[in-house]
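The structure appears right after this line, and notes come after that.
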Amino acid sequence: MIPVRHILLAVATVAIFGPAVAQKSEVPKPVMDGQLWLSAGADFKPFRKKSGAVSQPRFFRNLRMKGELDVRLDENATHAKQVNLNAGAKYPVTSFMNVGAEYRYSIRPEQMNRNRIDLQLWLKWKKDRTSLDYRFEYEHAFIPVENLRTALRNRLTVEYNIPKWKPDPHISAESFTGLHYTGNRLVGMRYELGTEVNLDKKKDRTLGLAVRYDQELNIARPEHAWILVIAFEHSFRKK
């Protein structure tokens, strides 16, 4: 027969440590996934110089527009996660600062479609063969207020120009800070290693290749994902 003191000790142990163990088990574990992101885009100058005009106002001369189709596959690239239609504009304020805005319509087969706007700021710095690119982005999705719909994004990219080597590598890190009435918090990190290859001598067509690691944080069902990114872009440089 088991001594009574042993039974009482076992009951006390469960009473004290049981809730803590149960609470610890409720902490959501991130789900790992492999994804493939494919995109094709084009940027162009919306305002052309009038026939016979010697010059053009700076704003119309430097403003660029962009359109992009973005397809994302998840569940190890076997399932269509979403399709994004993007349209945006970018304007160089100075040689080292650009501003821009973007609209996104996101088609999600298993969820409600979404609309989103982004406001963006770029800062550039270059010395010798090293380039730094910082991007700040305000992102707002038109979804119910109880969801996380507004975020601040900060991305820093470092690129190095290797002598006599065309696909120059870049690395970047980006943070996602969610703004919500329940409290602002860090909700994600993104890390990237990639390169961009010119497909013609005029550098009008480029192919971007990258590997990303996405890490969701401080949300109910976090997901971590390795992502292969393949992006084609064509630039119309006609004036």
Side-chain angles (χ1 to χ4, degrees), residues 18-37 39 41 65-75 79-91 93 97-123 132-157 171-192 210 212-227 229:
V21 174
Q23 185 177 2
K24 183 177 180 181
S25 64
E26 293 176 359
V27 176
K29 294 183 179 180
V31 177
M32 287 297 300
D33 190 20
Q35 300 184 12
L36 174 63
W37 293 7
S39 68
M65 303 289 290
K66 181 178 181 180
E68 184 181 49
L69 171 65
D70 176 17
V71 179
R72 300 183 179 183
L73 307 176
D74 63 354
E75 296 182 7
H79 174 265
K81 180 181 181 182
Q82 66 188 68
V83 177
N84 299 322
L85 303 175
N86 305 318
K90 190 175 183 179
Y91 181 77
V93 180
M97 182 174 69
N98 292 263
V99 295
E102 184 175 89
Y103 169 78
R104 168 176 293 181
Y105 182 73
S106 181
I107 304 171
R108 305 189 176 206
E110 298 179 0
Q111 301 179 31
M112 292 185 61
N113 296 343
R114 293 185 178 183
N115 296 276
R116 195 183 90 186
I117 57 170
D118 300 341
L119 302 178
Q120 302 158 331
L121 168 70
W122 290 268
L123 298 176
L132 296 180
D133 186 304
Y134 167 74
R135 186 188 72 180
F136 170 80
E137 184 168 335
Y138 170 85
E139 172 186 299
H140 180 79
F142 297 94
I143 56 177
V145 66
E146 61 268 17
N147 297 319
L148 189 63
R149 61 180 186 173
T150 304
L152 301 181
R153 300 170 57 171
N154 292 274
R155 185 187 71 187
L156 180 63
T157 302
I171 58 173
S172 68
E174 184 173 14
S175 66
F176 297 74
T177 302
L179 307 182
H180 200 254
Y181 65 88
T182 59
N184 304 332
R185 58 191 183 275
L186 181 68
V187 295
M189 291 294 300
R190 172 177 293 169
Y191 306 95
E192 177 176 305
R212 289 177 180 168
Y213 180 68
D214 267 16
Q215 184 181 21
E216 294 182 337
L217 305 168
N218 301 316
I219 62 175
R221 290 177 293 276
E223 181 180 283
H224 295 183
W226 286 100
I227 305 168
V229 181

Discussion item. Given Arg72, which partner from the list Asn84, Ile227, Val229 fulfils the side chain to side chain contact (heavy atoms under 4.5 Å, CB included) test?
Written reply: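 For Arg72, the side chain to side chain contact (heavy atoms under 4.5 Å, CB included) test succeeds with only one of Asn84, Ile227, Val229, which is Asn84.
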Item to complete: Sequence neighbours left out, what passes ring pair (Phe, Tyr, Trp, His ring centres under 6.0 Å) with Tyr181? Give chain and number order.
Response: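 Residues passing ring pair (Phe, Tyr, Trp, His ring centres under 6.0 Å) with Tyr181: none at all.
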Fill in: Partner residues of Phe136 under the ring pair (Phe, Tyr, Trp, His ring centres under 6.0 Å) criterion, sequence neighbours left out
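Here no residue qualifies.
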Discussion item. Rounded to the nearest 0.5 Å, what separates atom CG in Asn86 from atom OH in Tyr105?
Written reply: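 Answer rounded to 0.5 Å: 13.0 Å.
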Worksheet item: So how far is it from Arg114 CZ to Asn147 CG, rounded to the nearest 0.5 Å?
Response: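 The CG atom of Asn147 is 6.5 Å from CZ of Arg114, to the nearest 0.5 Å.
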Discussion item. Please evaluate residues Asp214 and Arg212 with respect to the criterion salt bridge (Lys or Arg N to Asp or Glu O under 4.0 Å), reporting the C-alpha separation (whole Å), side-chain torsions for both, the decisive distance (0.1 Å), and the verdict.
Written reply: CA-CA 6 Å; Asp214 267 16; Arg212 289 177 180 168; over 6 Å; no
Measure the shortest side-chain to side-chain distance between [X] and [Y] over non-hydrogen atoms and say whether it is less than 4.5 angstrom.
{"X": "Tyr103", "Y": "Leu85", "result": "no"}
{"X": "Asn98", "Y": "Leu121", "result": "no"}
{"X": "Thr177", "Y": "Leu186", "result": "yes"}
{"X": "Trp226", "Y": "Met32", "result": "yes"}
{"X": "Arg221", "Y": "Val31", "result": "no"}

Item to complete: Quick one: which residue pairs count as a salt bridge (charged side-chain N to carboxylate O under 4.0 Å, His left out) with a foot in residues 145-154, not counting sequence neighbours?
Response: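 Output for this query lists Glu137-Arg153, Glu139-Arg153, Arg153-Glu174.
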Worksheet entry | Residue pair Trp37, Gln35: steps toward the side chain to side chain donor-acceptor pair (under 3.5 Å) verdict | CA-CA 7 Å; Trp37 293 7; Gln35 300 184 12; 3.0 Å; yes
Discussion item. Quick test of your reading of the model: are Asp118 and Arg116 salt-bridged, counting only N-O distances below 4.0 Å?
Written reply: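 Yes, Asp118 and Arg116 are salt-bridged.
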Item to complete: Hey, can you tell me if His140 and Phe142 have their rings parallel, tilted or perpendicular (30° and 60° cut-offs)?
Response: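 The rings of His140 and Phe142 stand perpendicular, inter-plane angle above 60°.
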Worksheet item: Distance-only, no hydrogens or angles: does the Arg185 side chain make a donor-acceptor pair with backbone N or O of Gly183 under 3.5 Å?
Response: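 Side chain of Arg185 to backbone of Gly183: a pair is present.
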